Number of protein chains: 2
Amino acid sequence: MENTYKLGKKMKNKDVFVEKLRSSGLRPTKQRIQISELLFDRKNTFHFSIDHLNNLLKKKTKIKVSLATIYNTVHAFKKKGYLKEILINREKSYFDTNTSDHHHFLNVKTNELIDLKNEDVEKIKIKKNLPGKKIKSIEVIVKVENSN
Amino acid sequence: MENTYKLGKKMKNKDVFVEKLRSSGLRPTKQRIQISELLFDRKNTFHFSIDHLNNLLKKKTKIKVSLATIYNTVHAFKKKGYLKEILINREKSYFDTNTSDHHHFLNVKTNELIDLKNEDVEKIKIKKNLPGKKIKSIEVIVKVENSN
DNA sequence: AATATAATTTATAATGATTCTAAAGTAGTG
DNA sequence: CACTACTTTAGAATCATTATAAATTATATT
Ligand SMILES: [Mn+2]
Ligand SMILES: [Mn+2]
Ligand SMILES: [Zn+2]
Ligand SMILES: [Zn+2]
C-alpha cells in the first residue's frame, strides 16, 4: 500500500522525490530531484564524497549541476536528516545515505567505508557518565587493513 | 631506576627529551625540545590542535617557532608514535598525547575531547569479519551534549 | 676549533576543499 | 501574466595545510 498516488496508480520515482522535497520545504528543482534519484533511488545505501557525487552527476545525467549546488543540496539534505556526515578523513567530507545509527569498517588504505549491521556489534556499554551531559550518539569505527 | 644519567645524577627534563629525540633519529633542536616539553612534560596527557600548540608556544616560551616547524614537528612526532591524530572535525586536525588505545567522549558544542578509561567501556566485540582484512584498531566516539 | 655535510627552520607561496557573493534564473501564488 | 521568494550559478574568498627554496644549525670529520 506504500507508494500510492491519486487513483491508486503507482507513483513514478520522480514524483516520490518531488513529494519528499515539497514536504520538507524544499522546492523540487530539477537539480534536487536529479540528486535525490542518484542518492536515494537504490536498493542499498552507500557512502560518498562531494567529488564522488559530482562525478556521478556528470556520468549519469544530462543536466549540468554546479558544484555550489551540489554542496548546497547535500547540506540541505543533511539538515533535513536525509544524510549523515561521517568523519574519516581530514581532507574531504564523506556522507552516508544510511541515516540510521550504525557503525563502520574503514579500509585505511582506500578510505572505503562498509556498514556494520547492528547485530554484528555487541551493544556498546559506557560505564561512566559525565555530569550534566547526555549521550547523543555512540560511533564505532573499526579500521582494517589487508591481512597478508 | 628510571631516568638516571651518568653517575646516577637525575637527568634534567631537557636531557630526557634530547635523548628521546636523538634515539628517534631526530636532531634535538631547541624548537623540538621546547615542543616536547610543552607536550610531554606534564602529569596528564591531553588533546590539542596546531592552533592550540601555537598559542602555547607564544604564551609559555621565549623562542619563536614558525608555524611550518610546528606542523613539521607534530607530524614527525606522530610518525614516531609519540602522538596520535584524532578525527572529530573536518575543519582542523586534533592530536592526542595519549598514544595508548582508548576511546573518547566528544562534547559536540565545544569540540572538547575527554579520554574514556578502558575500564569505562565494556570490551567492544565485532562479530563480523571481512575476508582478507585484519582489524587495526577500534575507536569509539561518544558524542555528548548538555542535558538540560 | 675550523670545515664540510646533511638536517632543520623559516618566510612565503601554493594548494584545494569548502564557503561566500551577488547576479541571473525559476517555482509557487494569485 | 506579474510578483516574490527561493534557488542556481560562476567566480571570488577563505583558511588549514603543504610545498618551496634559501638561511641556519647540528653533527661528524679533519
Ligand atoms: Mn559540513
Ligand atoms: Mn596529517
Ligand atoms: Zn554507513
Ligand atoms: Zn585521548
Side-chain angles (χ1 to χ4, degrees), chain A residues 14-15 17-38 47-58 61-80 82-83 85-95 111, chain B residues 14-15 17-38 47-58 61-80 82-83 85-95 111:
Chain A
K14 182 180 156 174
D15 300 326
F17 294 121
V18 169
E19 268 309 297
K20 185 176 171 182
L21 287 165
R22 244 196 278 268
S23 71
S24 309
L26 299 170
R27 288 187 178 172
T29 63
K30 64 181 194 295
Q31 293 87 344
R32 284 170 175 165
I33 294 164
Q34 184 61 81
I35 291 174
S36 294
E37 288 177 350
L38 284 174
H47 308 96
F48 67 92
S49 64
I50 294 289
D51 184 57
H52 182 188
L53 177 54
N54 191 20
N55 289 333
L56 279 182
L57 282 161
K58 280 193 224 155
T61 74
K62 303 203 185 301
I63 66 172
K64 196 214 173 240
V65 182
S66 73
L67 242 198
T69 295
I70 299 175
Y71 276 101
N72 289 343
T73 302
V74 166
H75 282 126
F77 285 3
K78 181 187 167 188
K79 199 168 179 182
K80 294 295 177 185
Y82 304 140
L83 291 173
E85 190 165 3
I86 306 190
L87 296 165
I88 56 166
N89 191 297
R90 264 221 53 276
E91 286 80 52
K92 259 182 192 174
S93 285
Y94 287 82
F95 298 89
N111 276 336
Chain B
K14 183 182 154 170
D15 299 327
F17 294 121
V18 169
E19 267 308 297
K20 185 177 171 182
L21 287 165
R22 243 196 279 267
S23 72
S24 308
L26 299 170
R27 289 185 179 177
T29 63
K30 64 180 192 296
Q31 293 87 343
R32 284 170 175 166
I33 293 163
Q34 184 61 80
I35 291 174
S36 294
E37 287 176 351
L38 284 174
H47 309 96
F48 67 94
S49 64
I50 295 289
D51 184 56
H52 182 189
L53 178 53
N54 191 18
N55 289 333
L56 279 182
L57 283 161
K58 282 193 222 155
T61 72
K62 303 204 186 300
I63 66 172
K64 193 207 175 249
V65 182
S66 74
L67 242 197
T69 296
I70 299 175
Y71 276 101
N72 289 342
T73 302
V74 165
H75 283 125
F77 285 3
K78 180 186 167 190
K79 198 168 181 184
K80 294 297 176 182
Y82 303 141
L83 291 174
E85 192 165 3
I86 306 191
L87 296 165
I88 55 168
N89 192 299
R90 266 223 53 274
E91 286 79 54
K92 259 184 191 175
S93 285
Y94 287 82
F95 297 90
N111 276 336

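Given the structure is predicted, the values throughout are model-derived calculations rather than measurements. Lettering follows sequence order; numbering is per chain, from 1.
- Taking CG of A:Leu56 as the start and CD of A:Glu37 as the end, the distance is 13.0 Å to the nearest 0.5 Å.
- Of the candidate nucleotides C:dT8, D:dT8, C:dA17, C:dT8 has the atom nearest to the side chain of B:Leu26.
- Under 4.0 angstrom from either OP1 or OP2 of D:dT8 there lies at least one side-chain N or O belonging to A:Thr29.
- Taking atom CG of residue B:Asn54 and atom C1' of nucleotide C:dT9, one finds them 15 Å apart after rounding to whole Å.
- Atoms NE2 (A:His52) and C1' (C:dT18) sit 19 Å apart, rounded to a whole Å.
- Of the listed nucleotides (D:dT17, D:dT18, D:dT8), D:dT8 has the atom at the smallest distance from the side chain of A:Gln31.
- Residue A:Lys64 is classed as a sugar-phosphate contact, given heavy-atom separations below 4.0 Å to backbone atoms only.
- Taking 4.0 angstrom as the limit, A:Arg32 places a side-chain polar atom (N or O) nearer than this to OP1 or OP2 of D:dT7.
- For B:Lys80 (side chain) and B:Ser24 (main-chain N/O), a donor-acceptor pair under 3.5 Å exists by modelled atom type.
- Whole-Å rounding puts the B:Ile63 CD1 to C:dT8 C1' distance at 13 Å.
- Taking every heavy atom of both residues into account, A:Val65 and A:Ile35 meet most closely at CG1-CD1, 4.4 Å.
- For A:Ile50, the side-chain atoms get nearest to C:dT18 when compared with the rest of C:dT18, C:dT10, D:dT8.
- Residue order along DNA chain C, read from the 5' end via each residue's closest nucleotide, puts B:Gly25 first among B:Leu67 and B:Gly25.
- Across all non-hydrogen atoms, the minimal contact from A:Glu85 to A:Lys78 is OE1-NZ, 2.6 Å.
- Distances were taken from every side-chain heavy atom of B:Ala68 (C-beta onward) to each of C:dA11, C:dA17, D:dA16; the shortest belongs to C:dA11.
- The nearest whole Å value for the distance from the NZ atom in B:Lys30 to the P atom in D:dT25 is 6 Å.
- Without hydrogens or angle criteria, A:Thr73 side chain to A:Ile70 main chain gives no donor-acceptor distance under 3.5 Å.
- Toward the 5' end of DNA chain C, the nearer of the two residues B:Val65 and B:Arg90, judged by each one's closest nucleotide, is B:Val65.
- Rounded to whole Å, the distance from NZ on A:Lys92 to C1' on D:dT17 is 16 Å.
- The residue B:Asn72 sits close to a base: some heavy atom pair falls under 4.0 Å.
- OP1 or OP2 of C:dT19 sits under 4.0 Å from a side-chain N or O of A:His75.
- Here CZ of A:Phe48 is found 12.5 Å from CG of A:Asn55. Values are rounded to the nearest 0.5 Å.
- When the side-chain nitrogen and oxygen atoms of B:Ser93 are compared with OP1 and OP2 of D:dA16, none of them lie within a distance under 4.0 Å.
- As a whole-Å value, the separation of A:Glu85 CD from C:dA17 C1' is 12 Å.
- Between B:Tyr71 and D:dT17, a side-chain N or O to OP1/OP2 separation shorter than 4.0 Å is present.
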Every protein N/O lying under 3.5 Å from an N/O of nucleotides 28-30 of chain C:
from: C:dG28; atom 1: OP1; to: A:Arg22; atom 2: NH1; distance (Å): 2.4

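- If you take CG of A:Leu57 and C1' of D:dT9, they are 15 Å apart, rounded to a whole angstrom.
- A distance of 7.0 Å separates NZ of B:Lys20 from CZ of B:Phe77, quoted to the nearest 0.5 Å.
- B:Thr69 comes within 4.0 angstrom of a base, heavy atoms only.
- Judged by distance alone, the side chain of B:Arg22 and the main-chain N or O of B:Pro28 form no donor-acceptor pair under 3.5 Å.
- For the pair A:Gln34 CD and D:dT7 C1', the interatomic distance rounds to 17 Å; values are reported in whole Å.
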